[in-house]
Amino acid sequence: MKIQDTLSDSEKELDITKKVRIYLCGVTVYDVSHIGHARTIIVFDTLRRFLEASGANVEFIQNFTDVDDKIIKKANESGESAEIISNKNIQSYFEDFNRLNVKAATEYPKATEHIEDMINLIQNLVDKDLAYVAKNGVYFHVSKFPNYGKLSKKKISDLESGARVEIDESKDNPLDFALWKFSNELPNWNSPWGNGKPGWHIECSAMSIKYLGEEFEIHGGGRDLIFPHHENEIAQSESFTQKPFAKIWMHAGMITINGEKMSKSVGNIKTVNNVLENWGPNVIRLFCLSGHYSKPIDYTENLLKENLVKWRQLETCYYELRLASDSDSVNSELNDFIAQLTKIKQNFDTALENDFNTPLALTEFFNMIKIINGLASEENITKPIATQVMPILEKMLEILGLNVIKTTDDEIESIFKLLEKREELRKSKQFDEADNIRTQISDMGIYLIDHKNKTLWMKKEKINSDAN
RNA sequence: GGUGAGGUGGCAGAGUGGUUAUGCGUGGGCCUGCAAAGCCUAUCUAAAGGGGUUCGAUUCCCUUCCUCACCUCCA
């Protein structure tokens, strides 16, 4: 497949017959995750699912930054240790993202568990005279790295003239960034240069190299990490290995609210937990994939609602196939129909292979749903059709990470009894009684669709924001 | 100020040098005991403004305007 690479500003071919190693910059665990984090993580989770469905062997590493000034500040305010705060947020991370049906990464390395690796890396840079020890810490010599700024397309001279660079007299150059910061405050670690803690960027260099090797296929994260985080990672890593670092730099766009980036500091965040409560995991996944990954998505109730409607259509489709009539009669147009759906699946794959165009892929996907539901409304979904179509649909659901609510055998049994009773009542035109049963069934989370000759039942996901 | 990405119909959102995706919404109809879902049909006749290249531009080039992001922690 082809993926747009931020570094070369061009589409790069990804060979899926070889191992695909992905490093995703995860979250800093100073607080719970918001929907902006979820967008990036869902994009990469879906990419990973697509690659695996295409036969690739994927190794997926996602870090937790658990040493950070905001965590320390919280620790000082609350009296709890930084470690406890980090662990709490890591726990809620897993609660949130398990609910979002995000597959587990191969490893979730934590910064605090890789201090030695970072120190080794820094030592190497100091030995090469690419880093130096100053009053407040160990810094990287930006001027000694050729093409510093190549990822973010920034020039050192432009950065220097920018008024926003913090001036620290002890540094050789204001742009030099910290590899190690001296500190006696907890948490801190011993190092050859003095007690302290690592700079932010060094963890990702150390951990990506440790788990994936000196060169790997994809390094991902949000667009806001391009500078300085990923820029600095490149400088450190390539200075250390003397090799090109990641082959493809892939960046996800921001979630905005009223066109403004969602972030804790602006104070316009929607937490994952909160949005899950209102909309559930499937609608959120569809929402996050409804725009191209590289572009921003504006968070609005309307857009969520739109995806809720689509989700309901999908649930209907799934149950129509599952409860296909037992008739073995083979529709003469069966082959044409299957060919049509197979073509759609191909278009779906092609869209994803072309820089992971999820909005286009979803268009194809819902095109398929529409066709199946159309056939279903005419009661033309027979077992032979369902048997062939269901695997295609399930494969797409797996790639998209969507989960239709399933029913238990017990539920099915009691539903059948109630349905039979309702059918009798309807036939004898005792509609009030029949409607009572429908209500009773809907209390079980089961919804009915009366076709001409049969009643479709389906278990719908309970979604609080659903008006019904 | 610098750098980058954009500005597509009521909204969302792709592709494309010429046959003007798709979805949502909205109107009407069909189906239904009712409902829901679905179907049919219609609707909006879209490309920020101005130049240019071209037989022809939403798509290429220039320019103006606007928006967002990054330049500080950030997914």
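Both backbone and side-chain heavy atoms feed into the values below; hydrogens, waters and symmetry mates do not. Note that the coordinates shown come from a computational prediction; the quantities given were computed from them, not determined experimentally. In what follows, every chain begins at residue 1, and chains take the letters A, B, ... in the order their sequences are listed.
- The distance from atom NE2 of H451(A) to atom P of A35(B) is 17 Å, rounded to the nearest whole Å.
- Base engagement by G36(A) is indicated by at least one non-hydrogen atom pair under 4.0 Å involving a base atom.
- Per the geometry, NZ belonging to K155(A) stands 16 Å off C1' belonging to C70(B), to the nearest Å.
- Residue T28(A) has a polar side-chain atom (N or O) positioned under 4.0 Å from OP1 or OP2 of A75(B).
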Pair Y148(A)-N232(A), side chain to side chain donor-acceptor pair (under 3.5 Å): steps then yes or no: CA-CA 8 Å; Y148(A) 182 78; N232(A) 292 347; 2.4 Å; yes
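- One finds a salt bridge joining K12(A) and D5(A) here, because a Lys/Arg side-chain nitrogen approaches an Asp/Glu carboxylate oxygen to under 4.0 Å.
- Between the CD1 atom of I297(A) and the C1' atom of U67(B) there is a distance of 17 Å, given to the nearest Å.
- In this entry the distance linking CD of E306(A) with C1' of U26(B) reads 13 Å, nearest Å.
- Using atom C1' as the reference point in both U8(B) and A21(B), the two lie 12 Å apart (nearest Å).
- Considering only side-chain atoms of N373(A), the nucleotide from C73(B), A21(B), G38(B) that sits closest is G38(B).
- Distances shown here put a side-chain N or O of K261(A) below 4.0 Å from the OP1 or OP2 atom of C70(B).
- Going from the C1' atom of A48(B) to that of C66(B) covers 7 Å, rounded to whole Å.
- K305(A) contributes no side-chain N or O that forms a donor-acceptor pair with the base of C24(B) under 3.5 Å.
- Taking the P atoms as reference points, G28(B) lies 50 Å from U53(B), given to the whole Å.
- In this structure, the separation between OG1 on T300(A) and CZ on F287(A) is 7.0 Å, given to the nearest 0.5 Å.
- Separation of the F245(A) and H230(A) ring centroids does not fall under the 6.0 Å cut-off.
- Nucleic acid contact class of L360(A) (heavy atoms, under 4.0 Å, all strands): base.
- Ionic pairing of D435(A) and R426(A) is not present here: no N-O contact between side-chain nitrogen and carboxylate oxygen is shorter than 4.0 angstrom.
- Taking 4.0 Å as the cut-off between side-chain N and carboxylate O, E59(A) and R21(A) do not count as a salt-bridged pair.
- Annotation: of the two residues near RNA chain B, G259(A) and L303(A), the 5′-most nearest-nucleotide partner is L303(A).
- Between R312(A) and E315(A) a salt bridge is recorded (basic side-chain N to carboxylate O distance below 4.0 Å).
- In summary, the aromatic rings of Y293(A) and F44(A) are positioned with their centroids too far apart to meet the 6.0 Å limit.
- Residue contacts for S33(A): at a heavy-atom cut-off of 4.0 Å it reaches no nucleic acid atom on any strand shown.
- For G23(B) and A57(B), the P atoms lie 29 Å apart once the distance is rounded to whole Å.
- A gap of 37 Å separates the C1' atoms of U59(B) and G38(B), to the nearest Å.
- In this structure, K310(A) reaches the sugar-phosphate backbone alone: every heavy-atom distance under 4.0 Å involves primed, P, OP1 or OP2 atoms, never a base.
- One can place CD of E233(A) at 13 Å from P of A75(B), the figure rounded to the nearest angstrom.
- Pairs of Watson-Crick or G-U wobble type, with distances under 3.5 Å, assemble into runs of 3 or more in RNA chain B at these ranges: B:1-7 with B:65-71, B:10-12 with B:22-24, B:25-30 with B:38-43, B:48-52 with B:60-64.
- Rounded to whole Å, the distance from CH2 on W249(A) to C1' on C70(B) is 16 Å.
- Counting only heavy atoms from C-beta on, D68(A) has its side chain closest to C73(B) among C73(B), G23(B), G2(B).
- When the P atom is used for both G6(B) and G15(B), the distance is 11 Å, rounded to whole Å.
- Backbone-only engagement by S290(A) is indicated by non-hydrogen atom pairs under 4.0 Å involving sugar-phosphate atoms exclusively.
- Mapping H292(A) and I371(A) onto RNA chain B by nearest heavy atom places H292(A) closer to the 5' end of the strand.
- Regarding I344(A), its CD1 atom lies at a distance of 20 Å from the P atom of A14(B), rounded to whole Å.
- Listed by first and then second residue, the ring pair (Phe, Tyr, Trp, His ring centres under 6.0 Å) pairs that reach into residues 303-324 of chain A are Y319(A)-W457(A), sequence neighbours excluded.
- Between the CG atom of L448(A) and the P atom of A36(B) there is a distance of 13 Å, rounded to whole Å.
- The side chain of S377(A) lies closest to G38(B) when the candidates are A36(B), G23(B), G38(B).
- Remark: R438(A) does not engage D443(A) in a salt bridge, criterion side-chain N to carboxylate O under 4.0 Å.
- With distances taken from any side-chain atom of K154(A) to the nucleotides A75(B), A37(B), C70(B), the minimum falls on C70(B).
- Across all strands shown, K264(A) has no heavy atoms under 4.0 Å from either base or sugar-phosphate atoms.
- How far CG of L402(A) is from CE of M396(A): 11.0 Å, rounded to the nearest 0.5 Å.
- Ion pair K110(A)/E203(A) not flagged as a salt bridge, since none of the NZ, NE, NH1 or NH2 atoms sits closer than 4.0 Å to an Asp/Glu carboxylate oxygen.
- Distance noted for atom C1' between G50(B) and C65(B): 10 Å (whole Å).
- Looking at the side chain of Q313(A), the nearest of the listed nucleotides A75(B), C24(B), U3(B) is C24(B).
- Within the 4.0 angstrom heavy-atom criterion, base atoms lie near G253(A).
- Note on H34(A): a base of the nucleic acid sits closer than 4.0 angstrom, heavy atoms only.
- If you check every strand for non-hydrogen atoms under 4.0 Å, L362(A) touches nothing.
- A salt bridge between D68(A) and K73(A) is absent, with no side-chain N of the basic residue lying under 4.0 Å from a carboxylate O of the acidic one.
- With distances taken from any side-chain atom of I449(A) to the nucleotides A21(B), A37(B), C70(B), the minimum falls on A37(B).
- Between G25(B) and U64(B), the two C1' atoms lie 35 Å apart (nearest whole Å).
- Of all nucleotides listed (G25(B), G13(B), A75(B)), G13(B) comes nearest to the side chain of P359(A).
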Got a list of protein N/O to nucleotides 32-34 of chain B N/O distances below 3.5 Å?
unit_1: G33(B); atom_1: O6; unit_2: R426(A); atom_2: NE; d: 3.2
unit_1: G33(B); atom_1: N1; unit_2: D435(A); atom_2: OD1; d: 3.0
unit_1: G33(B); atom_1: N2; unit_2: D435(A); atom_2: OD2; d: 2.7
unit_1: C34(B); atom_1: O2; unit_2: R438(A); atom_2: NH2; d: 2.7
unit_1: C34(B); atom_1: N3; unit_2: R438(A); atom_2: NH1; d: 3.0
unit_1: C34(B); atom_1: N3; unit_2: R438(A); atom_2: NH2; d: 3.4
unit_1: C34(B); atom_1: N4; unit_2: D450(A); atom_2: OD2; d: 2.8

